[in-house]
Each structure stands twice: as structure tokens, then as C-alpha cells.
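Input: a single structure, listed below in C-alpha cells.
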Amino acid sequence: MTKRTTTGRRTTRTRTPSTEVEGAIIEAAERLLAAEGPAALTVRRIATEAAVSPMGVYNHFGGKDGVVDELFVRAFDELRRTFADVGGADPIADLVEAGDRYRRFALERPSRYMLMFDRAVPDFEPSPAAVERAFASFAELIRLVQRGIDVCVFADDAATEMAQ
């Protein structure tokens, strides 16, 4: 879009790139979640915090559920990264380390933890893709249990059930 300035010069307005708008919306939602909890996650509050119109939230995420879905995915991705480098020589020590990291994650990010495990946002159902990403973080724990089974530290052969 071209526009004339008061001096008669032509300027071209540029739109904010879509990824920047999406990032601003997610960052705003994360701030609201951390500061005020899941009840603060409304389209209007997120839009105001992100300095975008409410329609921007709908255009980029389809509404509140799309934003919450992205927060859900990001939280599980962070949890997965928390476990990803655990894997020393002792499978039991590794599980203890993973448990410590899990607990630390929950204590340092209580709003995210509630979003992930406590159904903190009424009527929110994660998308199939979000559930798949959540399972990827659980797969890290299964990997640690399976290592213990493989070296005969654990007698059971059902790593998923043991990880549960």
C-alpha cells in the first residue's frame, strides 16, 4: 500500500510478518498464563497484551483454543528437552535425575504444568498433533526406563507401564 506523507513523498507501508504477529500473540499468552493463570487466557486479553486486534488472534490461531494448543505443545516440548540429555551410566541415577528435573519443571512453571496435566482451561481439548507432541516428552521417560530393562536393572519388560 502506498501513502503520501505531509511533504508529498510516497511511502510504502509494510505489514508485520505473520510469524512476528504469531510470536507476539504466543508471548502475550505465556505472560498472561504465568502472571494470572489460565483464566486470563481470553481472546480479548491475549490480543490486548500482544497489541493486536482480537481478529488477529482468530486469523492466526483460529481463536483461544488454537493459542492454548500452541502453549500446550510448547510446554511439552520444553519438558521433553528437560529430559533429553539424561543418560549416564547408571539407569537408576538417570531416573532419579529425570524425576528431579520433572519436579523442578512443575515447581518453576506451575501455570504451564496445570495447563499440561490439570485440564486448567475449561473445554480445551488438545489437537491430535498436540497430543502427539505431548507423547514425545513421555517417550523420553520411556527411553530411560527401557535402558534399565535392557541392562537388567528392572525385571519388568513393560517400559510404558513402568514409566506411567
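- Checked against side chain to side chain donor-acceptor pair (under 3.5 Å), Asp150 has the following partners two or more places apart in sequence or in another chain: Gln146.
- By the side chain to side chain contact (heavy atoms under 4.5 Å, CB included) test, Thr160 pairs with Phe138, Ile142, sequence neighbours left out.
- A pairwise comparison of heavy atoms in Glu97 and Val86 identifies CG-CG2, 4.1 Å as the closest pair.
- How far OG of Ser111 is from CD of Glu36: 10.0 Å, rounded to the nearest 0.5 Å.
- Residues Phe83 and Ala98 come closest through the heavy atom pair CE2-O, 3.1 Å.
- Residues passing the salt bridge (charged side-chain N to carboxylate O under 4.0 Å, His left out) test with Asp94, sequence neighbours excluded: Arg147.
- Partners of Arg104 according to the salt bridge (charged side-chain N to carboxylate O under 4.0 Å, His left out) rule, which considers only residues two or more places apart in sequence or in another chain, do not exist here.
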Original post:
Yes or no on side-chain contact (heavy atoms from CB on, under 4.5 Å) for Glu22 and Glu70, after CA distance, side-chain angles and deciding distance?
Top reply: CA-CA 10 Å; Glu22 290 171 4; Glu70 182 64 21; over 6 Å; no
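- In this structure, Ser137 contributes its side chain and Ala134 its backbone to a donor-acceptor pair below 3.5 Å.
- In this view, Pro110 satisfies the side chain to side chain contact (heavy atoms under 4.5 Å, CB included) rule with no residue, not counting sequence neighbours.
- For the salt bridge (Lys or Arg N to Asp or Glu O under 4.0 Å) condition, the pairs that include at least one residue of residues 48-58, sequence neighbours left out, are Arg31-Glu49.
- When all heavy atoms of Gly148 and Pro91 are compared, the closest pair comes out as CA-CB, 3.7 Å.
- Ala158 pairs by the side chain to side chain contact (heavy atoms under 4.5 Å, CB included) definition with Asp156, Glu161, not counting sequence neighbours.
- Grouping the Ile, Leu, Val, Met, Phe, Trp and Tyr side chains by contacts below 4.5 angstrom, directly or via other members, places Val57 with Phe72.
- Identified under the ring pair (Phe, Tyr, Trp, His ring centres under 6.0 Å) test for residues 19-42, with sequence neighbours left out: none.
- Every residue two or more places apart in sequence or in another chain that forms a side chain to side chain contact (heavy atoms under 4.5 Å, CB included) with Phe117 is listed here: Phe76, Leu79, Tyr102, Tyr113.
- Between the CZ atom in Arg81 and the CZ atom in Arg101 there is a gap of 13.0 Å [rounded to 0.5 Å].
- Linking ILVMFWY residues whenever their side-chain heavy atoms come closer than 4.5 Å, directly or via other members, leaves Val131 and Val73 in distinct clusters.
- With sequence neighbours excluded, the residues forming a salt bridge (charged side-chain N to carboxylate O under 4.0 Å, His left out) with Glu78 are Arg109, Arg112, listed by chain and number.
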**OP:** Check step by step if side-chain contact (heavy atoms from CB on, under 4.5 Å) holds for Leu41 and Leu71.
**Re:** CA-CA 11 Å; Leu41 297 177; Leu71 294 175; 4.0 Å; yes
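- Taking each heavy atom of Ala75 and Met116 in turn, the nearest pair found is CB-SD, 3.4 Å.
- Put simply, the side chain of Phe124 reaches to within 4.5 Å of the side chain of Asp69, judged on heavy atoms.
- Once rounded to the nearest 0.5 Å, the distance linking CD of Glu20 with CD1 of Ile25 reads 12.0 Å.
- A search for side chain to side chain donor-acceptor pair (under 3.5 Å) contacts involving Arg133 returns Asp77, not counting sequence neighbours.
- Annotation for Leu141 and Ala163: closest pair CD2-O, 3.5 Å, computed over non-hydrogen atoms.
- Here Met162 contributes atom CE and Leu95 contributes atom CG; the two are 8.0 Å apart, rounded to the nearest 0.5 Å.
- Contact record, Phe105 with Thr82: CD1-OG1, 4.3 Å, taken as the closest heavy-atom pair.
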Subject >> side-chain contact (heavy atoms from CB on, under 4.5 Å) between Phe135 and Glu132, worked out >> reply: CA-CA 5 Å; Phe135 188 75; Glu132 187 175 313; 5.8 Å; no
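- For the side chain to side chain contact (heavy atoms under 4.5 Å, CB included) criterion with Pro38, the lone passing option out of Asp118, Leu32, Val121 is Val121.
- Met55 and Val68 fall within a single hydrophobic cluster, where Ile, Leu, Val, Met, Phe, Trp and Tyr are joined by side-chain heavy atoms under 4.5 Å apart, directly or via other members.
- The distance from atom CG of Leu33 to atom CD1 of Ile26, rounded to the nearest 0.5 Å, is 11.0 Å.
- Note that the NZ atom of Lys64 and the CZ atom of Arg44 stand 14.0 Å from one another [nearest 0.5 Å].
- For Asp123, there are no salt bridge (charged side-chain N to carboxylate O under 4.0 Å, His left out) partners, not counting sequence neighbours.
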